[in-house]
Amino acid sequence: MTVAKRRWLMKSEPSVFSIDDLARVKRTSWDSVRNYQARNLLRDDVKVGDEVLFYHSSADPAGVAGVARIARAAYPDPSQFDKKSEYFDPKAARDAPPWVVVDVEFVRKLPRVVTLAELKANPALAEMVVTKRGSRLSVQPVTAAEFAAVLAMT
DNA sequence: GCCAACGTTGGC
DNA sequence: GCCAACGTTGGC
């Protein structure tokens, strides 16, 4: 059975982990998601091979900085059990871990950051989640048309 | 640094 | 189950 490839936008603060960091390490586990809506997407919908717009949040400028790919589907986030981790969750049960991570691999860095202001100004992206007011979700679905439109803006 | 938007928590 | 208080996100 073939599952259609999906596309996502994933936010990262570049001061913590940037597209250049991903380019250097090639692959990383996408940890620290502690929001139920984002968790549900990671757990249920994000699959190997899915394409990702790597978005720099809390950055100057904020915007899409590169492309990544899902290298491994959801598995339990080890940091939820690590008492020394800032992501430790005392309520996390070993037999039913609430938090998951996926692995993300580097595909390419865009020649320039496509800024949020540009995304908002593009009528083709009017329905894109990240352009909506108060859009805080750190893992967002992106349509194939939106994905192509963003890359075409570079 | 400010603050609007949003999610979560907890008292009732 | 409601909702006020609180904490966080993230653009500006």
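Predicted model only: the values in this text are computed from it and were never measured.
- Nucleotide C:dG11 holds its C1' atom 16 Å from the CG atom of A:L137, rounded to whole Å.
- For A:W8, there are no ring-ring contact (aromatic ring centres under 6.0 Å, His included) partners two or more places apart in sequence or in a different chain.
- For residues 118-134 of chain A, the pairs satisfying side-chain hydrogen bond (donor to acceptor under 3.5 Å, both in side chains) are A:R112-A:E118, A:T115-A:E118, A:E127-A:K132, with sequence neighbours left out.
- Hydrophobic cluster membership of A:Y87, counting Ile, Leu, Val, Met, Phe, Trp and Tyr whose side-chain heavy atoms lie under 4.5 Å apart directly or via other members: none, as it forms a cluster of its own.
- Separating the CG atom of A:L119 from the P atom of C:dC12 is a distance of 11 Å, rounded to the nearest angstrom.
- The residue A:K132 sits apart from the nucleic acid: no heavy atom pair falls under 4.0 Å.
- Evaluation of the side-chain hydrogen bond (donor to acceptor under 3.5 Å, both in side chains) test over residues 60-72 of chain A, restricted to residues two or more places apart or in two chains, returns A:R69-A:E105.
- Looking at A:K109 and A:D20, a side-chain N of the basic residue comes within less than 4.0 Å of a carboxylate O on the acidic one, giving a salt bridge.
- The hydrophobic cluster containing A:V150 also includes A:L9, A:L53, A:Y55, A:V64, A:V67, A:V107, A:L110, A:V114, A:L116, A:L119, A:L125, A:M128, A:V130, A:V142, A:F147, A:L151, A:M153, under a criterion of side-chain heavy atoms closer than 4.5 Å among ILVMFWY residues, counted directly or through chains of members.
- When rounded to the nearest whole Å, the span between CG of A:D60 and P of C:dC12 equals 10 Å.
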What pairs of nitrogen or oxygen atoms, one from the protein and one from nucleotides 7-10 of chain B, lie under 3.5 Å apart?
none

